[in-house]
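Down below is the structure, laid out as structure tokens.
Note that the structure is a prediction, hence the values are computed from the model and not measured. Order of appearance sets the numbers: ligands from 1, and atoms from 1 within every ligand.
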Amino acid sequence: MSDTQPTKQGADTESDTTAADILRRPDFKALHVETIEATLDALLLDCRQTVQRVIEQAGQGTPTWHTLVQPQAEAHNALSLFWSPVSHLNSVMHSEALREVHKRCLAKLTGYWTELGQNRKLYEATRALRDGASFADLSCERRREVENDLRDFELGGVSLDADQQTRFKAIAEQLSRMGSEFSDAVLDATNEWRYRIEDEARLDGLPASAVAAAAERARVAGVDGWLLNLEFPTYHAVVTFATDRALRQRLYTAFATRASDRWPDGQPIEEQEPHAARNNASRIDRILALRAEKAALLGFTDFAELSMVTKMVTGPDEVQAFLDDLATRAVPAARQEQTELEAFAQRTLGLAELQAWDIAFVAERLRRDRYDLSAEALKPYFPADRVIPGLFEVVSRLFDVSIETVEGASVYHPDVTLHRILDGRGELRGEFYLDNYARADKRGGAWMDVCATRQRVERGVQVPIAYLTCNLTPPVGDDPALLTHDEVITLFHEFGHGLHHLLTRVEAPGVSGINGVEWDAVELPSQFLENWCWERESLDLISGHYRTGDPLPDSLLDKLRAARGFRAASALVRQLEFSLFDLDIHRRSRAADDGGAVDVRQALATVRERVSVAPVPAFNRFPEAFSHIFAGGYAAGYFSYKWAEVLSADAFERFAEDGLFDRAAGQAFRTEILERGGSRDAMQSYVAFRGREPSIEPLLRQAGLMAA
Ligand code: ZN
């Protein structure tokens with residue numbers, strides 16, 4: 001990539017030196033698959049030489065921020081400015097050639113970061129900085145970054161003795177390998193399963209789009225009829241909409257036994273190849289024992305304690321109490337919802353006994369019956385060309401900023417637009433690429449990704465840039481894209497992440513924007529912004545009939561809001577089941593020579609007995625496909641989803657009280673939370689915004705567990 005000309009955009013009055021803002025947009029056209037790896041190699045070499053240099057310099061006198069941290073930050077910034085568009089294009093403009101290069105480069109990057117985390121000399125130099133005389137003179141954010149670095153070095157095992165370090169590395173390698181094996185096993189089971197439908201009547205109830213996708217799958221496979229698979233959209237469509245009960249049962253069973261000894265029909269299978277490699281049960285035991293051993297090596301009682309060092313919560317006891325409290329409140333309400341569902345099933349569908357594969361289907365029928373609300377009826381009121389400018393308007397009013405489109409910017413696809421955010425003083429605060437619509441070569445889902453981080457560089461302060469990516473339904477013909485309400489929520493959610501990254505005032509890169517923000521606090525701005533999708537005052541800004549311009553009718557809004565709390569307690573107890581299970585097995589498991597992993601199946605059964613209200617068949621093998629905690633980053637951290645919801649619901653309550661666009665509240669959220677990033681404890685930021693610690697009550701009210 002090549003730097004664009006730095007542009008001067010107002011003085012940086014909040015820092016000690018006046019300097020120009022440096023804007024470095026990626027030059028997508030200059031990225032060629034053939035040269036990516038060589039450029040990366042050169043940048044990595046530069047990083048390694050920089051590290052070598054700062055270590056040598058540290059040997060000649062007490063290191064300072066400028067001799068130790070700043071040179072590394074500049075080298076890593078160059079690396080990240082180059083790599084971020086490569087990685088982004090691999091997700092949104094996929095090609096086989098890029099994928100291959102990306103994979104090779106990723107391995108090199110991982111190697112570099114691992115090596116850096118275990119560099120003992122660098123660790124010692126960083127400690128010398130922290131213990132030196134100059135440390136007290138550093139700004140809070142710089143001190144925070146150094147402290148975080150030391151913490152991460154220590155969690156990476158850098159201060160262990162030689163034998164322990166050897167063992168620690170072996171554990172890390174095994175855990176990494178088993179994590180990939182775990183997700184591969186789930187993926188293989190998901191991809192391998194096919195079910196051919198010959199009689200279209202069996203697809204009765206499914207949305208037309210799901211039927212068309214199944215027909216297309218059959219056509220590609222060269223068979224007649226319709227092909228179903230276990231990918232989530234198919235699974236979800238069948239269990240929610242298919243009137244054929246046996247079909248629902250078949251998909252449920254295959255889905256609930258993925259990567260287990262019961263796949264795919266719920267019957268025991270022989271433990272032999274290829275099934276042994278496919279069965280995640282023993283992997284789970286080994287992962288839990290290794291995690292416990294790793295925690296013990298680092299001096300923690302259990303893995304849950306280790307996991308929470310980098311989170312906002314104080315420790316496992318606080319999480320346990322939080323989840324227990326929610327369970328006590330939610331279980332009775334969820335039981336009540338289940339009883340209603342059973343009565344409805346009996347009355348209208350003649351189903352005497354609800355099975356696991358009936359729940360989603362009956363719930364959907366009940367929802368339709370009760371609220372008479374279809375996603376289709378809402379769509380004409382949410383044309384993209386109204387929603388997106390409306391979103392900008394909402395954000396501008398809330399946070400006293402303005403958003404402009406950068407005309408004629410160089411982008412990587414004609415659908416993509418570039419925008420800039422200016423604050424009330426006209427200062428450029430950040431830019432973002434908006435890539436809204438689904439395409440064949442684009443990874444599914446929605447996400448915000450960092451393109452450039454706000455940080456002090458040699459000639460000034462680098463302006464933050466983000467990628468906001470969604471997979472919204474593209475426009476058809478001459479009409480604008482008509483969005484579902486869920487899609488509107490997704491847009492707001494990602495925009496919340498974007499603002500967290502873009503509005504930061506922090507200049508130390510490790511704690512700027514979303515960097516260094518505790519895992520269980522990072523979803524606060526995103527979930528928080530979703531609230532503006534539910535209020536009349538903001539809906540009037542983001543909606544309007546695409547032909548007539550009429551506002552969203554009250555009757556539709558009432559139904560939409562009423563349906564928001566539908567079966568909320570049932571959804572909550574399901575999240576609690578996952579969270580409690582995750583916490584329990586990570587608290588009680590020990591290293592292999594100290595008792596090993598707990599009985600996972602038993603642990604789950606105990607949790608279910610407490611909080612589950614829906615039937616679960618004995619063949620269900622949920623843990624074997626629980627990739628979030630066995631192959632992802634959520635180990636002893638699944639509670640984070642709920643934790644962040646407590647924060648976002650409580651934060652929004654201030655606006656519900658003071659006014660949806662209250663200036664003081666908006667300003668406080670901006671300056672105390674969005675602008676602070678990871679530069680101080682999330683709880684400190686929260687209290688600064690709210691004037692007190694978060695209360696669980698707004699979430700309970702939202703879930704209908706407490707009177708409004
Ligand atoms: Zn999010």
Side-chain angles (χ1 to χ4, degrees), residues 84 87-88 91-92 232 310-313 387-388 391 394-395 398-399 421 430 432-436 438 442-451 453 464-472 483-504 512-534 542 564 571-572 574-575 578-579 582 627-629 631-635 637-652 669-670 673-678 682 685-686 689 694 698-699 702-703:
S84 109
S87 167
H88 181 61
S91 299
V92 298
F232 192 76
T310 49
K311 294 186 172 68
M312 182 178 172
V313 293
V387 173
I388 291 161
L391 162 65
V394 166
V395 166
L398 257 180
F399 302 123
I421 304 191
F432 58 94
Y433 294 90
L434 196 55
D435 184 351
N436 276 330
K442 190 169 167 183
R443 174 158 71 82
W447 67 93
M448 188 284 289
D449 220 342
V450 170
C451 173
T453 297
I465 308 176
Y467 305 109
L468 297 177
T469 312
C470 291
N471 271 277
L472 308 176
L483 310 184
T484 65
H485 188 251
D486 280 345
E487 288 179 321
V488 175
I489 292 174
T490 301
L491 256 176
F492 273 69
H493 180 101
E494 297 313 326
F495 212 82
H497 284 308
L499 290 172
H500 204 185
H501 175 63
L502 297 172
L503 290 181
T504 192
S512 165
I514 57 166
N515 293 341
V517 176
E518 293 92 322
W519 184 281
D520 44 352
V522 88
E523 293 294 332
L524 164 59
S526 52
Q527 295 185 359
F528 166 78
L529 205 60
E530 289 178 19
N531 288 291
W532 276 260
C533 300
W534 295 95
I542 61 171
R564 187 184 186 185
L572 177 55
R574 201 158 154 70
Q575 291 294 310
F578 301 159
S579 305
D582 166 44
S627 299
H628 273 85
I629 68 165
Y634 280 89
Y638 198 84
F639 73 89
S640 301
Y641 285 111
K642 269 290 151 263
W643 184 262
E645 272 178 51
V646 169
L647 299 179
S648 60
D650 186 59
F652 179 67
F669 194 84
R670 180 180 128 182
I673 293 177
L674 297 176
E675 293 186 354
R676 298 295 178 135
S685 293
Y686 192 84
F689 158 69
L699 177 75
Q702 245 178 38

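F399 places none of its side-chain heavy atoms less than 4.5 Å from the side chain of I421.
The side chain to side chain contact (heavy atoms under 4.5 Å, CB included) search around V387 returns F382, L483, V488, L491, not counting sequence neighbours. Applying the side chain to side chain contact (heavy atoms under 4.5 Å, CB included) criterion to A446, with sequence neighbours excluded, gives C470, T490, E494.
Taking 2.8 Å as the threshold, E494 does not count as a candidate ligand of the Zn ion (ligand 1), since none of its N, O or S atoms lies below it.
The angle H493:NE2 - the Zn ion (ligand 1) - H497:NE2 amounts to 100°, with values rounded to 10 degrees.
Of all N/O/S atoms in E523, OE1 sits nearest the Zn ion (ligand 1).
Of the N and O atoms on the side chains of H493 and H497, at least one donor lies less than 3.5 Å from an acceptor on the other residue.
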